[in-house]
Amino acid sequence: MSVARRGTLTVAVLSLLTLAAGQAAASPVTAPAPAAAAQGAKVTRIEQQVAQDLARSLADAGWGSQVRAGVRAGAVELSPLAGRATAPAARQLAATVAEADRRIAGAKGLGQDLGPLLRVQLADPSMRAALDAGAEPLVAAAVGDDHARTVTAYDRAGRAHALDARTVPGQPVYLVDLDSARTTAAGLKLIGEELARKGLNTPAAPASTAAAGWWATKVDAIEVSDDEEPWFKGGAEMFALVTGFGQDGKARVDSVTMPYLDYDGTVYYPNQILVNWSNYKYNLADVVLMEDDGDTNYLALAQAITAVLLTIADQGTYIPLVNAVLAALPSSWWTDDPDYVDSWYTLARNSSGRLNGAAANGWMSVSPYFVQEF
């Protein structure tokens, strides 16, 4: 898919928690162990091994026909597809992929009960004609590096081929990547649970009888723009993180999934609630838009965010968390993990109309919205 990917994890979380400009000297915080953050880098290696194993399995003509039919319909979960097949090569692949799913869940800091995570799809719709004409497909794994010059793909003999990363190949390529919608939902849930476990993100008090509801900021329209999206990235999942101070005076982060935000240069009209102002003490909040490129370790991300939020005390005014966040992030997080897309600062309850992102990589049109109780 063509979606915006810019920056690094450090920049993303920095923008996430930049709420204004102050509190330069935050208390020291303990960053997660570099080994924990580095776990996410294993995902790409696992995907590459599965891509090679899948390529070899396609030597079985019957199984190859089943895969061909599956990818023609779109992205298909690899483990169930192989598990339903009777060919020995497919059954062996099914066991390999099931184990890879479990290893990926562990590398991303998630539980083992997420179900199938790896899927396979045609790398680009333009390849369908060659696939239908009987061209032998290669198999590659979604690559995390936007600036890669070549992409390694495998044939049925397991031989590696270097493909030009800048040009869509004429030969069909099956792309092995993650069901990022599933992993992102689980990851954001984990972040919320970690914050709650540390006493952060306390639920807001019920609305008063007089109020009979709560004010929100609603996204009426949104668009991201990025002209550098390579063909080999595969699917990704967008999500927003809203930051501010909760009613209890503690910093908080609320996550908002945006599964519809797939393509750059496309305007979406989600009418989606972005900010629930009853959760916040001050009439200001920031929003950062991110995406999961696959290697995200959500447990390490949750621990870093939690560690920095615990060091910030409400001082009766809206304050920033920049230096504390930088101190919380280990150097091993300078990777192509959850990419920074854009950010919006000092969003207020009465904000309305078109708001351009700080990184000039997107815009959204918002409006105040009152959610009334029944």
Checking side-chain polar atoms at under 3.5 Å, does Gln247 have a donor or acceptor matched by the opposite partner on Asn279?
no

Would you say Val168 ends up clustered with Tyr174 if hydrophobic residues are merged whenever their side chains have heavy atoms under 4.5 Å apart, either directly or through other cluster members?
yes

Is a donor on one side and an acceptor on the other found under 3.5 Å between the side chain of Arg197 and the backbone of Gly192?
no

Under 3.5 Å donor-acceptor, Gln272 side chain and Val219 backbone:
no

Under 4.5 Å between side-chain heavy atoms, hopping through other hydrophobics if needed: is there a path connecting Val76 to Val97?
yes

OG of Ser365 to CZ of Arg354, rounded to nearest 0.5 Å, is 8.5 Å

Other residues, nucleotides and ligands only: do more than 12 of their heavy atoms fall within 6.0 Å of CZ on Arg68?
yes

Between Pro80 and Pro116 the two heavy atoms that sit nearest each other are CG-CG, 3.7 Å

Check ring pair (Phe, Tyr, Trp, His ring centres under 6.0 Å) between Trp215 and all other residues, then give those that pass, not counting sequence neighbours.
Phe370

I'd like to know if the side chain of Lys250 and the backbone of Phe245 have a donor-acceptor N/O pair within less than 3.5 Å.
no

Please step through salt bridge (charged side-chain N to carboxylate O under 4.0 Å, His left out) for the pair Arg252 and Asp254, ending with a clear verdict.
CA-CA 7 Å; Arg252 67 177 292 132; Asp254 291 307; 2.7 Å; yes

Given 3.5 Å as the limit, does a donor-acceptor pair link the side chain of Asp220 with the main chain of Asn271, or not?
no

Assess the residue pair Lys108 and Val43 against the criterion (side-chain contact (heavy atoms from CB on, under 4.5 Å)); give the C-alpha distance rounded to whole Å, side-chain angles, the decisive distance to 0.1 Å, and a yes or no.
CA-CA 8 Å; Lys108 294 176 72 64; Val43 175; 3.9 Å; yes

Tyr345 and Ser343: side chain donor to acceptor below 3.5 Å:
yes

Hey, could you give me the CE/OG distance between Met290 and Ser255, rounded to the nearest 0.5 Å?
11.5 Å

Going from CG on Leu122 to CG on Asp124, what distance comes out if it is rounded to the nearest 0.5 angstrom?
7.5 Å

Nearest 0.5 Å, what's the CZ-OG distance between Arg349 and Ser278?
11.0 Å

Is there a donor-acceptor pair under 3.5 Å between the side chain of Asp286 and the backbone N or O of Thr346?
yes

I'd like to check Leu347 versus Leu355 (side-chain heavy atoms, cut-off strictly below 4.5 Å). Are they in contact?
yes

Flag yes if Met238 and Trp363 sit in one hydrophobic cluster, no otherwise; membership is Ile, Leu, Val, Met, Phe, Trp, Tyr, and two members link when side-chain heavy atoms are under 4.5 Å apart.
no

Scan side-chain atoms only and decide if Tyr154 and Asp53 contain a donor-acceptor pair under the 3.5 Å cut-off.
no

Closest heavy-atom pair, Gly64 versus Leu58, reported as atoms and distance to 0.1 Å, is CA-CD2, 3.9 Å

Just by distance, do the side chain of Asp101 and the backbone of Leu118 share a donor-acceptor pair under 3.5 Å?
yes

Are the side chain of Thr184 and the backbone of Ala181 linked by a donor-acceptor contact shorter than 3.5 Å?
no

If you define the side chain from C-beta out and look only at heavy atoms, does anything of Leu93 sit under 4.5 Å from Leu54?
yes

Just by distance, do the side chain of Arg156 and the backbone of Arg56 share a donor-acceptor pair under 3.5 Å?
no

Carefully, step by step, assess Ile222 and Val267 under the rule side-chain contact (heavy atoms from CB on, under 4.5 Å).
CA-CA 6 Å; Ile222 186 170; Val267 179; over 6 Å; no

Heavy-atom side-chain proximity of Gln52 to Val139 below 4.5 angstrom
no

Please check if the side chain of Asp60 supplies one atom and the backbone of Trp63 the other of a donor-acceptor pair under 3.5 Å.
yes

Are Leu241 and Leu190 co-members of a hydrophobic cluster defined by side-chain heavy atoms under 4.5 Å apart?
yes

Nearest heavy-atom approach of Trp277 to Asn283 is CZ3-C, 4.0 Å

Look at the rings of Tyr268 and Tyr260 and say which category their plane angle falls in: under 30° parallel, 30 to 60° tilted, over 60° perpendicular.
tilted

Leu138/His161 under side-chain contact (heavy atoms from CB on, under 4.5 Å): CA gap, chis, key distance, verdict:
CA-CA 9 Å; Leu138 299 173; His161 300 259; 4.0 Å; yes

Heavy atoms, side chains only, cut-off 4.5 Å: are Met258 and Phe239 in contact?
no

Under a 4.5 Å side-chain heavy-atom rule over Ile, Leu, Val, Met, Phe, Trp and Tyr, are Leu114 and Val176 clustered together?
yes

Between Ser351 and Ala348 (side chain of the first, backbone of the second, donor and acceptor by atom type, cut-off under 3.5 Å), is there such a pair?
yes

CG/Leu131 to CD/Gln171 distance, rounded to the nearest 0.5 angstrom?
10.5 Å

When rounded to the nearest 0.5 angstrom, what is the spacing between CD1 in Ile46 and CD in Glu99?
9.0 Å

Under a 4.5 Å cut-off applied to non-hydrogen side-chain atoms, are Ser57 and Gln92 in contact?
no

Is there a side-chain contact between Arg103 and Lys42 (heavy atoms, below 4.5 Å)?
no

Does atom CZ of Arg166 have more than 12 heavy-atom neighbours from other groups under 6.0 Å away?
no

Tell me, with the steps shown, if Glu77 and Arg182 meet salt bridge (charged side-chain N to carboxylate O under 4.0 Å, His left out).
CA-CA 12 Å; Glu77 293 176 339; Arg182 180 173 293 175; 3.4 Å; yes

Heavy-atom closest pair, residues Ala55 and Asp155:
CB-O, 3.3 Å

Pair Arg119, Asp177 - check side-chain contact (heavy atoms from CB on, under 4.5 Å), show working.
CA-CA 6 Å; Arg119 59 186 184 178; Asp177 72 346; 3.1 Å; yes

More than 12 foreign heavy atoms under 6.0 Å from NZ of Lys198: is that the case here?
no

Side-chain contact, heavy-atom cut-off 4.5 Å: Leu163 with Thr150?
no

Do the non-hydrogen side-chain atoms of Leu289 and Leu261 ever get within less than 4.5 Å of each other?
yes

What are the two closest heavy atoms between Leu274 and Val256, and how far apart are they?
O-CG2, 3.6 Å

Closest heavy-atom pair and its distance - Ala359, Asp342:
N-OD1, 2.7 Å

How about CD on Glu136, more than 12 heavy atoms from neighbouring residues, nucleotides or ligands closer than 6.0 Å, or not?
yes

